[in-house]
Chemist: 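My questions all concern the structure below.
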Amino acid sequence: MGVLRYVLMRVGWMVFVFFGITTLTFVITNLVPADPAKLAAGLEARGEQVEQMRRLMGLDQPLSVQYVRYVTRLLRGDFGLDARSQRPVADQLRQY
């Protein structure tokens, strides 16, 4: 019984740490004064192009919706697209 309790405690802490780290990284990336939509659209992009990219990236949604989407994608192993190259981050990680 002691081993089962130990494993359950470790799994509980793992879930707690996972959500703590994901929340921290999400908050930090939203506090950085950079516009990922502008970067993805290109520095010479017009306002409507940046807005279109913002919609495509889901940045026009409330932060709560963005966070839920962020966590569900992480749980599926989908790390999204690189803002500059628009290539999947998972592919780039495999390459390096």
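Just so you know, residue 1 is the first one in the sequence shown, and it goes up from there. Computed from a prediction, not measured in an experiment: that's the story for all the values here.
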Chemist: I'd like to know if Y70 and V15 are part of one continuous hydrophobic network [Ile/Leu/Val/Met/Phe/Trp/Tyr, side-chain heavy atoms within less than 4.5 Å].
Modeler: yes

Chemist: Looking at side-chain heavy atoms only, is the closest gap between M14 and R10 below 4.5 Å?
Modeler: no

Chemist: Transitively linked via ILVMFWY side-chain contacts under 4.5 Å: L74 with Y67?
Modeler: yes

Chemist: Would you confirm whether Q49, through its side chain, and R46, through its main-chain N or O, come within 3.5 Å as a donor-acceptor pair?
Modeler: yes

Chemist: For the CZ atom on R5, are there more than 12 heavy atoms of other groups (residues, nucleotides or ligands in this structure) within a distance under 6.0 Å?
Modeler: no

Chemist: Start with the C-alpha distance between L8 and L4, add both sets of side-chain angles, then the distance that settles side chain to side chain contact (heavy atoms under 4.5 Å, CB included), and finish with yes or no.
Modeler: CA-CA 6 Å; L8 290 175; L4 179 63; 4.1 Å; yes

Chemist: Heavy atoms only: give me the nearest Q95-R87 pair and the separation to one decimal.
Modeler: OE1-NH2, 3.1 Å

Chemist: Minimum heavy-atom separation for M53 and A40, please, with both atom names.
Modeler: CG-CB, 3.7 Å

Chemist: Taking T22 for its side chain and F19 for its backbone only, find out whether a donor-acceptor pair lies under 3.5 Å.
Modeler: yes

Chemist: Indicate, with yes or no, if V89 and V71 share a hydrophobic cluster defined by side-chain heavy-atom contacts under 4.5 Å among Ile, Leu, Val, Met, Phe, Trp and Tyr.
Modeler: yes

Chemist: Check the hydrophobic clustering (I, L, V, M, F, W, Y; side-chain heavy atoms under 4.5 Å; chains of links allowed) and say if F16 and V7 are grouped together.
Modeler: no

Chemist: Return the NZ to CD distance between K38 and E51, rounded to the nearest 0.5 Å.
Modeler: 11.0 Å

Chemist: State yes or no: do F18 and F79 share one hydrophobic cluster built from I, L, V, M, F, W and Y residues joined by side-chain heavy-atom distances below 4.5 Å, directly or via other members?
Modeler: yes

Chemist: Report yes if the side chains of V50 and R54 come closer than 4.5 Å at any heavy-atom pair, otherwise no.
Modeler: yes

Chemist: Is any side-chain heavy atom of N30 closer than 4.5 Å to one of F26?
Modeler: yes

Chemist: How many angstroms lie between CG in L39 and CE in M57, if you round to the nearest 0.5 Å?
Modeler: 8.0 Å

